[in-house]
**Q** 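Below is the structure I would like to discuss, written out as structure tokens.
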Amino acid sequence: MKLHEYQSKQIFARFGVPVPRGILAENATEARNAARELGLPVVIKAQVLVGGRGKAGGVKVAHTMEEVEVLAERILSLTIKGLPVRRVLIDRAADIRGELYLGVTIDRARRRAVLMASSAGGVDIEEVAATTPERIVKVPVDPFIGLPDYLARDVAVSIGLAREHWPKFIHVARGLVKAFVDNDASLAEINPLALVATDGGIGLMALDGKMVIDDNALFRHPDLAVMRDPDEESEAERKARNADLNFVSLDGNIGCLVNGAGLAMATLDIIQHFGGKPANFLDVAGGARADKVATALRIVLADPKVKVVMFNIFGGITRCDEVARGIVQAIEEVRPTVPMVARITGTNKAEGDRILASANLITAESAAEAAQKAVALANAAAA
Amino acid sequence: MAILADSHTRLIVQGITGREGDFHARQMHAYAPIVVGGVTPGKGGTVTDYGVPVFDTVGQAVRETGANASVIYVPAKFAPDAIMEAADAGIQLIVCITEGIPVLDMIRVRAYLDIRGATLLGPNCPGLLTPGQAKIGIIPANIAMPGDVGVVSRSGTLTYEAVHALTQAGLGQSTIVGIGGDPVHGLDFLDVIRMFNDDPQTQRIVMIGEIGGNDEERAAAWVKEHVKKPVVGFIAGRSAPEGRRMGHAGAIIEGSSGTAQAKIEAMRAAGIKVADLPTQIPALLL
């Protein structure tokens, strides 16, 4: 689950990471009030859960109250990568003297959380990693100890940070690691972590913030679970999540129902191999009971792009005849109007085939044959 | 021979009286008589209707039965604790079927196990099957048959599909190992391929990977240097979009890393024949 910038910064602040004073606004009037309270100039930032906000015109500096209203209005009317901007964050603009990058993520190969830092802040870190990987310093976080001071200091030295900033950097790095661990994040990122001029001299401040929370850990973070932005997922994806189905919408026209994530992925590949375009990834998971299949079928058919549905089922512990009964019952309940192709194999395949034959289904012996039939039907419907 | 488990394995089932545990314990017990006990805290001292004694703790189970392997069916909230309990009791092979364990929990658990020297398979995996000898987990045994093909996979049903195709082509299996679809797990491709390479029964190896991480690439590099046995592979997720998690927590393309293309190229460069469709796997082995 992704968190918005303002949510991430609120969490960072609780862990001792300095952030600019900021106020959330949903319209131009609120933006103006926020700016009055914060003092000019301010930065107006679109709160949408996608990258590239700046390039899309979603981040602007305003020097006058008129500018605040005009720019807030304009940003709030934007749709960035398909997501409408519903809120803007108004931040007091900072006097920036330098920009660093600081992030924590999971390093799968090392099986550790890792702290990453770079003196090349404020730019796309993926690009830094691709072009000048030596400019990114990584240290592992010990699962039992966390991040000791000396490692944070090592990082500060390695990225060439001036000596007088080390204590502040250590404080921020440890705070970010703790925010990551305590909230079960899979990503916590500050880009840029800026050197800013304040009344008390130069300080470090998180001018942006990004967090992704491990969905599997939300059961122990009810405070975070309620932060989910409904825009992050489509209505179909939300329904699927509530029904315990793994579902991802795609942009093709062949609806897919498969048991098992790996087989579901392979099914999309097979469809594409034969020139078709899958409308979704859907894993009905183990069991594949009739009610679950029916829910899944409804979700797939709710997409108006779907011209044909393809079932690809491997009956293992759950036998083919049980799954076939589930499919037939689901079809009776949902009564789809598009053609359906089913391929079912594994334990008790013959009985499964016999049950499916009684329903109004096109059957196939292999996934390849099913995909070819589905692609032909989709093409015919589109013509 | 085979790897990881055979007819001499002494297996306990953690969560044996739960819905999943009960169902699969019966299946495992019916397949091969390796199940020596079960653990459910609070149900110690009882015996299942199919004759397996239940203990309150893994420690008790190990002392009473001499168990050396455990399979875990407890819910995600309690599974990390169950894995650590098994390791602390001296269990050498821990197979965790449970899906949905938080990544940071698994990082701590792995670090804990590495100190104790226990081997973990999973979590979020179908377990393993040595046809004719031992079933630990949920792989449907009726699709497999004994033979010389070692199968290692990150997936469940996709593995079954491949195994089914192998069996239908007359190609039996030495051991089928599902390493699971989570980002942080126990045995990875490299570990299992190394075991298959050392196993005299295994003459050919099938690896079934998917998008996300770089386990497959690291295994391919090792295959290139060390493996003389023929290796055939398949990668699921060629058509997956970036940044979307495809069911498994670990099946996600992040930036340029973890793509199917990169994995397929690494495998081909290591001399591994990569199938376009899962059903092509048997033909590539012959």
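None of these values were measured; they are calculated from a predicted model. Numbered from 1 within each chain, the chains take letters A, B, ... in sequence-line order.
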**Q** Checking heavy atoms, do the side chain of H164(B), its backbone, both or neither come under 4.5 Å from chain A?
**A** side chain
**Q** Mind ranking S153(B), A251(B), P140(B) by heavy-atom pairs under 4.5 Å with chain A and telling me who comes out on top?
**A** P140(B)
**Q** Are more than 12 heavy atoms, taken from residues, nucleotides or ligands other than K373(A), located less than 6.0 Å from that residue's NZ atom?
**A** yes
**Q** Just how far is it from atom CZ of R319(A) to atom CG of N142(B), taken to the nearest 0.5 Å?
**A** 10.5 Å
**Q** Heavy-atom pairs under 4.5 Å with chain A: which of I138(B), D105(B), D215(B), T279(B) has the most?
**A** D105(B)
**Q** Give, as side chain, backbone, both or neither, the part of A130(A) having an atom under 4.5 angstrom from any heavy atom of chain B.
**A** neither
**Q** Side chain, backbone, both or neither: which part of D188(B) has an atom under 4.5 Å from a heavy atom of chain A?
**A** side chain
**Q** Which distance, rounded to the nearest 0.5 Å, do you find between the CZ of R238(B) and the CD1 of I270(A)?
**A** 10.0 Å
**Q** Under a 3.5 Å threshold, yes or no: a donor from one side chain and an acceptor from the other, between D269(A) and S239(B)?
**A** yes
**Q** Considering only NZ, NE, NH1 and NH2 on the basic side and carboxylate oxygens on the acidic side, decide whether R244(B) and E237(A) come within less than 4.0 Å.
**A** yes
**Q** Measure D184(A) against the heavy atoms of chain B and call it side chain, backbone, both or neither at under 4.5 Å.
**A** both
**Q** Please classify the contact of I106(A) with chain B as side chain, backbone, both or neither, using a heavy-atom distance under 4.5 Å.
**A** side chain
**Q** Does a side-chain N-to-carboxylate-O contact under 4.0 Å join E161(B) and R343(A)?
**A** yes
**Q** Rounded to the nearest 0.5 Å, how far does CD1 of I211(B) lie from CE of M265(A)?
**A** 5.0 Å
**Q** Would you name the heavy atoms of N216(A) and A249(B) that are closest together and state the gap between them?
**A** ND2-CB, 4.5 Å
**Q** Pick one of side chain, backbone, both or neither for V181(A), based on which atoms fall under 4.5 Å of a heavy atom in chain B.
**A** both
**Q** Counting neighbours of NZ on K349(A) that are heavy atoms of other residues, nucleotides or ligands and sit closer than 6.0 Å, is the number greater than 12?
**A** yes
**Q** What part of F247(A) lies closer than 4.5 angstrom to a heavy atom of chain B: side chain, backbone, both or neither?
**A** neither
**Q** Distance check, rounded to the nearest 0.5 Å: T157(B) atom OG1 versus D283(A) atom CG?
**A** 7.0 Å
**Q** Side chain from CB out, backbone as N, CA, C, O: work out which of these in H24(B) comes under 4.5 Å of a heavy atom of chain A, or both, or neither.
**A** side chain
**Q** Over all heavy atoms of both residues, which pair between R245(B) and V248(A) is shortest? Give the atoms and the distance, please.
**A** O-CG2, 3.6 Å
**Q** What part of S249(A) is in contact with chain B, defined as an atom under 4.5 angstrom from a non-hydrogen atom: side chain, backbone, both or neither?
**A** backbone
**Q** Taking all heavy atoms of K77(B) and all of F219(A), pick out the closest pair and write down the distance.
**A** CG-CE1, 3.2 Å
**Q** Within the supplied structure, the quantity of interest is the number of heavy atoms (other residues, nucleotides, ligands) at a distance under 6.0 Å from E369(A) CD; does it exceed 12?
**A** yes
**Q** CG of L104(B) to CZ of R112(A): how many Å apart, nearest 0.5 Å?
**A** 11.5 Å
**Q** Using non-hydrogen atoms and a 4.5 Å limit, figure out which bit of L250(A) sits close to chain B: side chain, backbone, both or neither.
**A** side chain
**Q** Do H273(A) and D276(B) pass the side chain to side chain contact (heavy atoms under 4.5 Å, CB included) test, and can you show the C-alpha distance, the side-chain angles, and the key distance before you say yes or no?
**A** CA-CA 8 Å; H273(A) 181 83; D276(B) 283 329; 4.1 Å; yes
**Q** Could you tell me which portion of P241(B) (side chain, backbone, both or neither) has an atom closer than 4.5 angstrom to a non-hydrogen atom of chain A?
**A** side chain
**Q** Counting only heavy atoms closer than 4.5 Å, note whether E210(B) contacts chain A via side chain, backbone, both or neither.
**A** side chain
**Q** Do you know the tightest heavy-atom contact between A111(B) and P143(A)?
**A** CB-CG, 3.7 Å
**Q** Please flag which part of R110(B) lies under 4.5 Å from any non-hydrogen atom of chain A: side chain, backbone, both or neither.
**A** side chain
**Q** Starting at CZ of F314(A), measure out to CG of L158(B) and round the result to the nearest 0.5 Å.
**A** 10.5 Å
**Q** Check whether A368(A) gets within reach of chain B through its side chain, its backbone, both or neither, counting any heavy atom under 4.5 Å.
**A** side chain
**Q** Just so I understand: if I count every heavy-atom pair under 4.5 Å between each of P102(B), A240(B), S155(B) and chain A, which residue has the most?
**A** P102(B)
**Q** Which of the residues L277(B), I143(B), I139(B) is involved in the greatest number of heavy-atom pairs with chain A at under 4.5 angstrom?
**A** L277(B)
**Q** Non-hydrogen atoms of chain A under 4.5 Å away: do they reach the side chain of V184(B), the backbone, both or neither?
**A** side chain
**Q** Can you confirm whether more than 12 heavy atoms, excluding those of K305(A), are under 6.0 Å from its NZ atom?
**A** yes
**Q** Measuring heavy-atom distances to chain A, does I235(B) have an atom under 4.5 Å in its side chain, in its backbone, in both, or in neither?
**A** backbone
**Q** Pick one of side chain, backbone, both or neither for Q27(B), based on which atoms fall under 4.5 Å of a heavy atom in chain A.
**A** side chain
**Q** Could you walk me through whether L263(A) and T159(B) satisfy the side chain to side chain contact (heavy atoms under 4.5 Å, CB included) test, starting with their C-alpha distance in whole Å, then the side-chain angles of each, then the deciding distance to 0.1 Å, before giving a yes or no?
**A** CA-CA 8 Å; L263(A) 188 60; T159(B) 315; over 6 Å; no
